[in-house]
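To keep things clear, I will list the structure first and then write my remarks on it.
All values reported here derive from a predicted model rather than from experimental measurement. Naming: A, B, ... by sequence-line order, numbering from 1 per chain. The basis for the numbers below is simple: all heavy atoms, side chains too, and nothing from hydrogens, waters or symmetry mates.
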Amino acid sequence: MMKSKGFKRLLQSPYLFIAPYAILFILVIALPVLVAMGLSFTSFNTIETPTFIGLKNYVDIFTGDTVFLQNAVSNTILFSVVVGPIGYMMAFFLAWMLAQVPHKARTIYAVIIYSPSITGPIMMAFVWRIIFSGDETGYINSMLINMFSIDSPIQFLQDADYLFPIMIIVSLWGSMGLGFLAMLAGILNIDRSLYEAAAIDGMRNRWQEIFYITIPSIKPQMLFGAVMSIIGTFNAAGLASALSGGGTPPQYAGWLIVDHANDFGFTRFEMGYASAVTVILLVIVLLFNKIAYRLFGERG
Amino acid sequence: MKGFVNQAVAMLLFFTVILLVVFSSTKGVLASTAPYYTYTTDNEDGWVRTSDAYTPEGQILDAGGVAFKTLEYVYVDHEDYVYITDSGHAKVFIFDQDLNFIDTIEYFESSVGEKDGFNAVNSVFVTEDKIYVPDSFRKSIFIFDREEALSRAPQYYLWLDDVDLSDTLTTGDLFYSSKNVSGVDTPTGSPVYEIEITGQTDSGRDIILFKDYETKEPLFEKIDKNDMIGRILSWVTADYDNKTLLKHTIYAQKNVPIQIIKTPTAPVFQEGYTFAPKKVVVDTRGNMYIVGAQSSNGLIMLNYEGEFLTFFGGNPLRTPILDQIRSLILTEVQKKQLRTESQIDVDFVSSVAIDEKGFIYTVTSTLEDNVIKKFNVSGKNYFSQDAVGWIGAVDLWVGNYGNVIVVEEFGWINEYNSNGQLIFSFSVSDRGIDREGLLSLPKSIAINSSDSLFVIDQGNKLLQVYEPTLFTDAVHTALQAYQDGDEVLAQENWSYSLEYTTVFDLAHIGLGDAYVRQEDYETALVEYTYASYKDGISDTYWQVRQDWMEQNLETVFATLLGLIVLRWILKFFNKKYHYTKILGKKFTKIREKSQVIDELSYIPTFIKHPLDGYYIIKQNERVSVKTASVIYLALAAIFVMYYKITNVIFLDQINVNILYELIILGSILILWVIANYFVCLINDGEGSFKNVYVSTAMSFTPILFIAPILIIISNVLTYQEAVFYSVPFTFTFIWVAIYFFFMIKEIHNYEVGETVGIIFKSMFTMLIMGIFIFVVYSLNSQIFTVSTEIVREMFER
């Protein structure tokens, strides 16, 4: 009797109710993060057992790792601050414009706009290296030489001053990802009668349509897009080295935090150190999240 | 006895004091013995006077009694022989280390009907074994053997006993040697040579064999009495031993070029490209880099045999922008026509120099920027693009420390270090005053191994010598020592140079560099800060901060942890005792008392809800004019703070007249408020003057919160973390711009399109008002006199 009652209570327990999600969440997300945090306090070379070394990894990062402090952090923040918002806005406006296009053409356009983001950094770099090639066969250099009569081709991809802006351009070109598709779907799902009603009520122009109907109607998709763009930009890696032809980019231009973590994790196999780097990235992302919430949270 | 000692001590003390006073007073004054001032650049005051770098130290007016005619060029070779070319004489004069005249190089060969000797002798270049003399008139470069030219036996006199009285040299004539007695040449001793005509050359000249008088042994041969043996000097005669002897010069061997470079056979020269070499430098492989007259493609590069290799280091053509645009749409035929018609300015290279590492330096007198260029073999320019320079630079020389010295037609002589930073600048222009050391038309410059400057003055026909001062020596030694890695010596010399002049950025940077090499970053930071050397400040501060971090990282972690714990504790106690509520109540009381504080505390709410905010400001007059003025004052304070507190490395200009800038900003603001109000008044805008004033102030409020934090934070940042400073700043300005836009839209109740129009109209009105005020200001005095005239007229009638 007691047993069955306990069993019944167990069945009614809310914990059981959330268990499937909780287990999956813990296994797929929480556990890796926690393991990474744990590993960040150890020295681990993937073969031997990790040895606990306390805060040494962090101390090393903040006192000795000039590449991380001088390049990776600055680059990552600049990269995400520029590519994140601009890419996000571009995604929204392209989605909105596509929504105005007839159905068949829209599908084709959508595929064209979406395709760069699925190709990955190597493919992207391959395409753009033809355009920015450092000899006179590169499109941009060829144009500059023929039309503006510069003396010698500019080494776009080997010059640290040019590489980072080019990386940003390429990333913007490839930033119409899932967020874009979600917003497009959202816009297409808005009830047409809302616009009609607004027109009757005295809606005067397209701007008002966007600000008073479109954006409020697709808020969930907008939020999804925002999250995707923040994560996407902070998670970006490998583009600079792919553009500059493999290996470390010149003067660590465009060297991002994830590049740094990859470098330590999968080239030098210092997993503990790499974990510490990713934990710092996590802290930075959380910090940005907090700022974003402070700025936009109250209205939503 | 004791009194005497006391007295002596007192005397000593007295003298020491006097000495100290004398020394300290002389230290402050820049003693100048030169008839010109020397300047350097300084981060704070720009162009500042400094101690004399070079002082005039003698002139050369003639070469062995022959006055100069048209001096062209001066060159100092590796053994400090000084070569001066003179196109008036068509000769190269050679002086030794002590500036004694040694010899000339001249060449007047007339072979096969065509004259090809010296004519313009534009310049001279000397390598270890060869002397190159380019001549633009003859379109050739004459190459002489240096050893031969320097050690050529001088001409000498002999006395001819014309035995057969034939007035010509015939077999059997005798020669006596000559002796100089108090300035007069006289024959001496018994005959030394007897001559014999042994035959004739192809051109029909006699070959004369000199034999020893005593032994009749053949000694040497000379050809033709006029050219090689010399000529009878104005029939100067002397009575000697009852014979009448004729004074006869025996010329030393003539200078004969070992090689003559003529116009290259390359097609481009056959098609009419001018080969008129004016200046030349030669690298270690014997390749020549030639400055040619009318050589629009730059330097002409020939190999050691005179075969054309390539053009090198030309200045880009200054095609007019209109033609550039035209050429985009024109066809090839039209372009060709355009090329012949259009006025393309070619900047011909003026002079060239080479350093021991093989860098080729050029200078162009028609350029304003990038006057000096420093090319490597592949033609890449390594000289600083920002190097100070101006039109008129005619010649340059690379000194012994990689320093580059440039002379300019109007008298300025500039010395740069190897990176293109100006060290000294002084003007030796005479401006009509005849004083030693001042020149009327400097043309060429050279430096010898002891750093003396040689400057050709074509106007006064002389070579002026300048000696470096101790100050300059110290600077040079320091430059060299730093390059050699001897930072202690560099440091000593920089410190020494600072005794002459306190404002000398280069010295401070040099000291900073030396300290960096010694890893004394803190002192280096101080020195860099004196010089406002931003990159240095950034890099050394990075190190200083890193060292600090290494030592205090635990404290930093502990403090951060402590702060988090403290916040947590405060939150906990707040729940219990409600501090915030109590504080809030107190604050409400203050707000009730003071209207300004109440309105200021509205700002955070406003920033969060700007659209509602503008509405409330307009409808309820939530913010008063007084508060707006307070905000403007706060903004002004932040502006002052920006220039005073921000890390210098983030400031574009370090020395600004803050008051002046503030007045300008203030007047722009006033113009804006007035212009916007009036423009909106006639464009159905709803806002009142007060609304515009107040809401403009409110639009700026995000700056109040963000700027101070950034300004303070900037002091612990370096260029590596510039992103933490610049990105928030940019965002704040975008933020304010957006608020501004909505301010106009909401206050005057406009549509988006109308608002854009209004902004442009307002700005246009501001411009018109600004111009009007400027006109009134410039007519100020006239208006004043006119109005006083009218008033007087009224009173007197």
- request: Could you tell me which residues in residues 369-382 of chain B have at least one non-hydrogen atom under 4.5 Å from a non-hydrogen atom of chain A, sorted by residue number?
  value: none
- prompt: How far does CG of L78(A) sit from CZ of F724(B), to the nearest 0.5 angstrom?
  reply: 10.5 Å
query: In this structure, are over 12 heavy atoms from other groups packed under 6.0 Å from F729(B) atom CZ?
result: yes
message: Heavy-atom count check: over 12 atoms from other residues, nucleotides or ligands less than 6.0 Å from K534(B) NZ?
response: yes
- request: Measure the OG1-CD distance between T63(A) and Q551(B) for me, rounded to the nearest 0.5 Å.
  value: 11.0 Å
task: Step through the shown structure and confirm whether more than 12 heavy atoms of other residues, nucleotides or ligands are within 6.0 Å of CZ on F705(B).
output: yes
Per-residue contact mode, E554(B) against chain A (heavy atom under 4.5 angstrom): neither
query: Is F760(B) atom CZ crowded by more than 12 heavy atoms from other residues, nucleotides or ligands, each under 6.0 Å away?
result: no
- request: Heavy-atom pairs under 4.5 Å with chain A are the metric here; pick the option from R545(B), M549(B), E751(B) that has the most.
  value: E751(B)
- request: Examine whether an atom of V82(A) lies under 4.5 Å from a heavy atom of chain B, and if so say whether it belongs to the side chain, the backbone or both; otherwise answer neither.
  value: neither
message: Counting only non-hydrogen atoms closer than 4.5 Å, does F557(B) touch chain A with its backbone (N, CA, C, O), its side chain (CB onward), both, or neither?
response: side chain
query: If you draw a 6.0 Å radius around CD in E522(B), do more than 12 non-hydrogen atoms from other residues or ligands fall strictly inside?
result: no
- prompt: In Å, rounded to the nearest 0.5 Å, how long is the span from CG of L69(A) to CH2 of W542(B)?
  reply: 4.5 Å
Heavy atoms of other groups near Y139(A) OH, more than 12 under 6.0 Å: no
message: How about CD on Q251(A), more than 12 heavy atoms from neighbouring residues, nucleotides or ligands closer than 6.0 Å, or not?
response: no
- request: Step through the shown structure and confirm whether more than 12 heavy atoms of other residues, nucleotides or ligands are within 6.0 Å of CZ on F348(B).
  value: yes
Donor-acceptor contact present, side-chain Q546(B) to main-chain F62(A), <3.5 Å: yes
